[in-house]
Engineer: 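One structure, as structure tokens, below. Some questions next.
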Amino acid sequence: MSAPNPAIAGGAALPVLKERGQREVFCGLTGIVWLHRKMQDAFFLVIGSRTCAHLLQSAAGVMIFAEPRFATAILEEKDLAGLADANEEIDRVVARVLRRRPEVRQLFLVGSCPSEVIKLDLSRAAARLSQQHGPDVQVLAYSGSGIETTFTQGEDACLASMLRAQGPSEDAGDDLLVVGTLPDVVEDQLQRLFDQLGVPVRFFPPRRARSAPPVGRGTRYLLAQPFLAETGLALNDLGARHLPAPFPLGAEGTRAWLQAAATEYGVDPARFEEVVAPAEARARRALAPMRERLAGKRIFFFPDSQLEIPIARFLAREVGMELVEVGTPYLQRDHLGPELALLPDGVQLSEGQDVERQLDRCRAAAPDMVVCGLGLANPLEVEGMTTKWSIELVFTPVQGFEQAGDLAELFARPLVRRERLKV
Amino acid sequence: MKLSVWTYEGPPHVGAMRVATGMKGVHFVLHAPQGDTYADLLFTMIERRKQRPPVTYTTFQARDLGSDTAELFKTAAREAYERFQPEVLLVGASCTAELIQDDPAGIAAAIGLPVPVVPVELSAYQRKENWGAGETFYQLVRACCPKEGVERLPRTGPSCNLLGPTALGFRHRDDVAEITRLLGRLGVDVNVTAPLGASPADLARLPQADFNVVLYPEIGEPVARWLKRNHGQEAVAATPIGVGGTADFVKQVAELAGVDPAPVLEESGARLPWYSRSIDSTYLTGKRVFVFGDATHALAAARVATEELGFEVVGLGTYSREQARDVRKAAKRYGVEALITDDHLEVEDRIAELHPELVLGTQMERHIAKRLGLPCAIISAPVHVHDYPARYSPQMGFEGANVLFDTWVHPLMMGLEEHLLGMFREDFEFADGAAPSHLGHAPKASAPAELEGPAAADPQAADPAAADPAAEGRAESLAAETAPSASASTASASTASAASASASSASAPEAPPSGEPSWTREAQKELKKIPFFVRGKARRNTERFARERGFASITLETLYEAKAHFAGRR
Ligand code: SF4
Ligand code: SF4
């Protein structure tokens, strides 16, 4: 089918536009929306303001049907007066949460801008609370504040806090660790592929926070998400070794990602082909009709989840889209090296944001599709642009071979919709 | 610290955004971190507005703290002015910026912009969204409207202002249209509607009207008081919701305007009165409703429910503490205890305890009702995207009353359907908790136990009020054991969740805590024959009846004794 076009491969020294102005991106608290569903024994308690509570409910409200395993302890006037008081308050609120949710085994105190600015030491509070409620309940702390974290960086901070709490394990064995939240269905598919390849694999974060796999010298890890800078460092500190690879998005990305593991674990190349080729062929079949729709279409990315670069690589190489600008909130070169190498030459990257200027550039470029956050999408549609909300890319199973077609379809759908509507 | 899962109101700066976004010619520079930009989506996605809110966020980061956050604000304000050329620049701080004390007002004033700069103090740690909207509107009027010297315009007829509607308001768009039309029929012109649709220049014209109409007191009241004080304009106090409320409103307007209300009242266009009187509606009589929302809508809904649909209000509450007094007073009239809280868990407990037949509330109550398997209609903000309908759907005026009739009756079972379900409980096709047949899906029967479990597990909850739901969770799982196989899956789900959530009580259904009467199997089975929407009530009444008499067990006899005892009471 559509083998990657070598002519566009290999853009190492890409121009990067660094911006420092108004950002239109969620803060790290948002990660709670998926993390609290992924880890079923975990509870996320934000120590923050009414704004934080409102952000969580606005970002998550429409999507949540069961009682969420998160809440906000809203700071009030009296809490701002003295710190000793605040610690007692945290203890009281945590006790109430644990009474209400006796099944919780892992509680995260999540820092916010207000808690950071008034310098509440949540790590100390977490240690104290772990003593108080342990061993049944472990309490950890991380920051999801908007002054320190952008959107998906909240997950990074959360996972890093879990790893830092567990310490290196002597008998971790040499299992492969796949790191980064994946939808359960994707995880199951990947598990089957690794089983067939004979690679012993564990996933992190686990479905139950307290049964996290041990990590130690023998551990090697593959990242399933591109936004895990801190988590990577925490893993390295535990003695684990990173297997650099592109991310498992699209047929090409998934193959390369699996290949990194196969090489490391000495999987017989014939066996690798036997396992991977049929799934890969299926993915390419699913992509073919999408390529017809999307090839040659010009796409512009506003920064959001840090998934922008791997997805842009996929869209350029596997369905032939033209990249006008690829924005990312933060360009994490350590983990993105293999991705950057696959980007077409001369692609305009931008890091950080100045939303008004970026909108000017976007309007001037008049792309066929704009990937942007929820706040911008409808107004751009009104201006006649076709948009794709970036948050959907975080909330949809898109990784692996079986989802390659779905990932492309997410981009085809807005175009199809425009064609269909006669009103 | 206040533990909260969902909040009824956003922070005060969101109220300020609602005012700025509703108006023309105003731009808001908000000192805030990047995450606070989520608020844009409330307007662009939930309300589907076509433009971004006119808001510039400074989005300062940790590395800016202590060094140049003030400089950031200055740049943001200057660039926002240059780019958007507003007639007025509104400046304020969100919760985080309030802590770093950069003084946006002072900085913005120092730039020396050629337009008025209006600062708002938003008190993020004490106040909330509606207050923020009211305060912002008030500050804008004070800045834009002369204190004296504005002449009433010589007009052909009387005129008034409509105060209070904003962007993101619950049905504000349609209420304004409906009330403008109603006033037109009375011969009263609308001079200015504000904040929605008004420019700063329009605010300066407010004193030209003869009087004011405060559609949403939570937001419009401070401005109405200021206009009264400085320009002597009276304000209409009646809320035009429901047929009675609208009639009162028409009379008050007519009096202030010196016009005759009779023609409008006679030809009101309200179909609600006849729909309510038609015999098909008899079954609505005495339906037990629980009402919760902002004070204005909750009060009006309680009145419409009792006087215009013949319901019985069994619970009334609000999250607007500022208007708590009025709600308490009204609750007294209905013989219920007012629930003044912004903690939705408390509301949930109250609803579970009261077992109403219909819940009138906000999106939070919709979720609670969904879990309890109760019908629900939305009467107040906060609401979700599907509560901003494409069609014309006011809450106010006579057409609004028609809308209320339709939306409140829609979630209920139709009269005869309800009867049949009651008569033939054991028909195998009448699944437990069957939904009205004109609504496609059934509510989940397992919800109550799931909901009440955590309360039961709370060792602190030793008071009888909390013990009650515990008993109910237990009875629910008992019931599950005797349930026919058709509902086995939901029943076992309820057993499981009750057991996991409250190990102490639910794991030992046969041995209830001492002093609690236990159900015989026969009585338990009979209880299952009572339609689910009144079953909880029947169970609790029976248990209370037995407990008060010191019965050790509840037999068939007890069940019917209790039924007779409570007949005609609440
Ligand atoms: S069901 Fe309705 S009210 Fe509930 S989250 Fe979804 S959209 Fe909001
Ligand atoms: S940016 Fe800061 S204050 Fe705003 S919601 Fe996020 S953590 Fe809370």
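Chain naming here is simple, since letters A, B, ... match the order of the sequence lines and numbering starts at 1 in each.
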Engineer: Identify which part of B/L3 has an atom lying under 4.5 Å from any heavy atom of chain A, answering side chain, backbone, both or neither.
Structural biologist: both
Engineer: Hey, which of A/C52, A/G373, A/A71, A/A377 has the most heavy atom pairs under 4.5 Å with chain B?
Structural biologist: A/A71
Engineer: Please classify the contact between A/E383 and chain B as side chain, backbone, both or neither, with a heavy-atom cut-off of under 4.5 Å.
Structural biologist: neither
Engineer: Checking heavy atoms, do the side chain of A/L45, its backbone, both or neither come under 4.5 Å from chain B?
Structural biologist: side chain
Engineer: Using non-hydrogen atoms only, which part of A/I47 is less than 4.5 Å away from chain B: side chain, backbone, both, or neither?
Structural biologist: side chain
Engineer: Against chain B, work out which of A/C27, A/P379, A/G48 has the most heavy-atom pairs shorter than 4.5 Å and name it.
Structural biologist: A/P379
Engineer: Please flag which part of A/R357 lies under 4.5 Å from any non-hydrogen atom of chain B: side chain, backbone, both or neither.
Structural biologist: both
Engineer: Going by atom types only, do A/T387 and A/E381 share a side-chain donor-acceptor pair under 3.5 Å?
Structural biologist: yes
Engineer: Between B/F28 and B/H13, is the ring centre distance below 6.0 Å?
Structural biologist: no
Engineer: Looking at A/V46, A/L75, A/T30, which one has more heavy-atom pairs under 4.5 Å with chain B than the rest?
Structural biologist: A/L75
Engineer: In terms of heavy-atom proximity below 4.5 Å to chain B, should A/S145 be classed as side chain, backbone, both, or neither?
Structural biologist: neither
Engineer: Heavy-atom distance under 4.5 Å to chain A: side chain of B/L72, backbone, both or neither?
Structural biologist: neither
Engineer: Which atoms of A/V25 come close to chain B, meaning under 4.5 Å heavy atom to heavy atom: side chain ones, backbone ones, both, or neither?
Structural biologist: both
Engineer: Is the distance between the ring centroids of A/F108 and A/F44 less than 6.0 Å?
Structural biologist: yes
Engineer: What pairs of residues pass the ring-ring contact (aromatic ring centres under 6.0 Å, His included) test when at least one of them lies in residues 51-71 of chain B, not counting sequence neighbours?
Structural biologist: B/H31-B/F60
